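In what follows, residues are counted from 1 in the order of the sequence shown. This one's a predicted model, so the numbers in the text were calculated from it and none came from an experiment. In what follows, every heavy atom counts, from backbone to side chain, and hydrogens, waters and symmetry copies are set aside.
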Amino acid sequence: MSEPVTSQPSRPTRVVLLAAPISALLLLAGCGGSADPAPAPRPTPTPTEPATPTPTPTATQAAARLSPFEDRAEVQVLRRWAAAAAVDITNGDAALPRSSAFVTKGSRQELADVVGGDVGKTYPGPIPFTPVGVQARGKQTRVFACLQVAGWGLDKKGRPAERREVDGVRFELTRSHGRWLVDHLYSSDSTRCKGVTVTGVKS
């Protein structure tokens with residue numbers, strides 16, 4: 001499948017999140033940024049019906065069916081980041097040491113700020129998101145996704161701490177020393193999430 005290529009917009013709008021629920025802190029930082037390019041159209045996968053009953057899938061197995069882009073290395077890195085961040089949050093590790101392993105050094109604080117407001121809540125599994133488009137150019141890739149920004153974290157009584165909310169975002173990844181790493185996370189007004197299924201996979 002050929003990959004759409006777009007030029008890098010100047011001064012993109014960045015998701016800046018501080019110590020509060022993710023949905024409440026999708027603030028637009030900077031100005032004069034160009035609009036998001038439209039995400040690539042989503043191919044429609046052909047569903048298959050299993051011939052015999054199968055065991056309950058693990059979180060990794062279930063993630064493989066969440067979008068048509070799950071075989072891409074960049075999306076797999078995002079899945080690992082989302083799983084590690086969930087463990088960091090549940091364990092109360094504000095520095096997010098596990099998820100930082102999947103983030104460029106220069107952006108670790110940025111990504112820690114993105115999810116740091118939920119530290120101390122219980123995440124029952126990886127942060128839910130559904131990729132809806134991928135744009136690649138050399139060592140840079142954009143993954144457009146619908147991300148659950150609220151309602152995944154549980155309070156001490158095991159109930160959702162906020163009402164569920166899903167927003168369009170753009171992950172930017174860079175390839176460094178043979179590895180894909182998360183570089184930035186931006187809000188994406190062009191990513192429409194109406195009708196997109198975002199499934200939470202419990203660990």
Side-chain angles (χ1 to χ4, degrees), residues 14-17 20-26 39 42 57-105 107-134 141-154 160-162 164-176 179-188 191 193 196-203:
R14 177 174 297 176
V15 175
V16 177
L17 307 177
I22 293 176
S23 61
L25 293 165
L26 283 170
R42 289 180 290 150
T58 64
T60 301
Q61 292 169 334
R65 297 192 295 273
L66 295 179
S67 82
F69 303 100
E70 300 301 318
D71 60 341
R72 294 193 64 104
E74 302 96 315
V75 173
Q76 292 171 10
V77 167
L78 289 175
R79 293 291 180 201
R80 295 186 187 108
W81 169 80
V87 175
D88 287 335
I89 289 167
T90 299
N91 289 350
D93 293 332
L96 304 181
R98 297 165 186 82
S99 55
S100 290
F102 304 102
V103 180
T104 58
K105 289 183 179 180
S107 296
R108 287 176 181 174
Q109 187 57 53
E110 174 189 326
L111 271 293
D113 290 342
V114 167
V115 297
D118 273 358
V119 166
K121 296 174 185 173
T122 298
Y123 270 31
I127 300 171
F129 69 93
T130 298
V132 296
V134 175
T141 295
R142 292 172 171 175
V143 177
F144 298 86
C146 295
L147 175 72
Q148 183 169 338
V149 297
W152 187 239
L154 307 178
E162 306 92 27
R164 185 178 187 272
E165 184 176 343
V166 172
D167 284 338
V169 300
R170 184 178 86 237
F171 291 98
E172 295 197 353
L173 297 94
T174 186
R175 189 169 178 83
S176 176
R179 297 179 59 212
W180 284 103
L181 297 172
V182 185
D183 199 21
H184 295 293
L185 173 57
Y186 299 107
S187 60
S188 176
T191 302
C193 294
V196 175
T197 300
V198 179
T199 302
V201 178
K202 296 183 178 181
S203 300

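Heavy atoms only, all atoms of each residue included: Ser188 and Arg170 are closest at CB-N, 3.9 Å. Scanning both residues, Leu154 and Pro160, for their nearest heavy atoms gives CD2-N, 3.7 Å. The two atoms that bring Pro128 and Leu147 nearest to each other are O-CD1, 3.5 Å, heavy atoms only. Ser99 and Asp88 make their closest contact through N-OD2, 2.9 Å (heavy atoms, listed as atom of the first residue, atom of the second, distance). The nearest pair of heavy atoms linking Pro131 to Arg79 is CD-NH2, 3.5 Å. Ala145 approaches Cys193 most closely through the heavy-atom pair O-SG, 4.5 Å.
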Query raised in the report: Could you walk me through whether Thr141 and Val134 pass the side chain to side chain contact (heavy atoms under 4.5 Å, CB included) check?
Result: CA-CA 7 Å; Thr141 295; Val134 175; 3.7 Å; yes

Requested in this report: Run the numbers on Arg164 and Val198 for side chain to side chain contact (heavy atoms under 4.5 Å, CB included), then give the verdict.
Outcome: CA-CA 11 Å; Arg164 185 178 187 272; Val198 179; 3.7 Å; yes

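Side-chain atoms of Thr174 and Asp183 form no donor-acceptor pair, as typed in the model, at a separation below 3.5 Å.
In terms of the ring pair (Phe, Tyr, Trp, His ring centres under 6.0 Å) criterion, residue partners of Phe129 (sequence neighbours excluded) are, by chain and number, Phe171. Judged as a side-chain contact (heavy atoms from CB on, under 4.5 Å), and not counting sequence neighbours, the contacts of Thr90 are Thr122, Tyr123. Applying the side chain to side chain donor-acceptor pair (under 3.5 Å) criterion to Asp93, with sequence neighbours excluded, gives Arg98.
With contacts defined as side-chain heavy-atom distances shorter than 4.5 Å, the pair Glu162/Asp118 qualifies. Asp167 places none of its side-chain heavy atoms less than 4.5 Å from the side chain of Ser187. With a 4.5 Å cut-off on side-chain heavy atoms, Arg80 and Val77 count as touching. Taking the side chain as every heavy atom from C-beta outward, Ser107 and Val182 never approach each other to under 4.5 Å.
How far CH2 of Trp81 is from CD1 of Ile127: 4.5 Å, rounded to the nearest 0.5 Å. Within the model, atoms OG1 of Thr104 and CG of Leu111 stand 7.5 Å from one another, a figure rounded to the nearest 0.5 Å. Here the CG atom belonging to Leu181 is positioned 9.5 Å from the CZ atom belonging to Arg175, to the nearest 0.5 angstrom.
Here the side chain of Trp152 pairs a donor or acceptor atom with the backbone of Gly125 at under 3.5 angstrom. For the pair Glu70 (side chain) and Gln76 (backbone), a donor-acceptor distance under 3.5 Å is absent. Proximity of a side-chain donor or acceptor of Thr130 to a complementary backbone N or O of Thr197 within less than 3.5 Å is detected.
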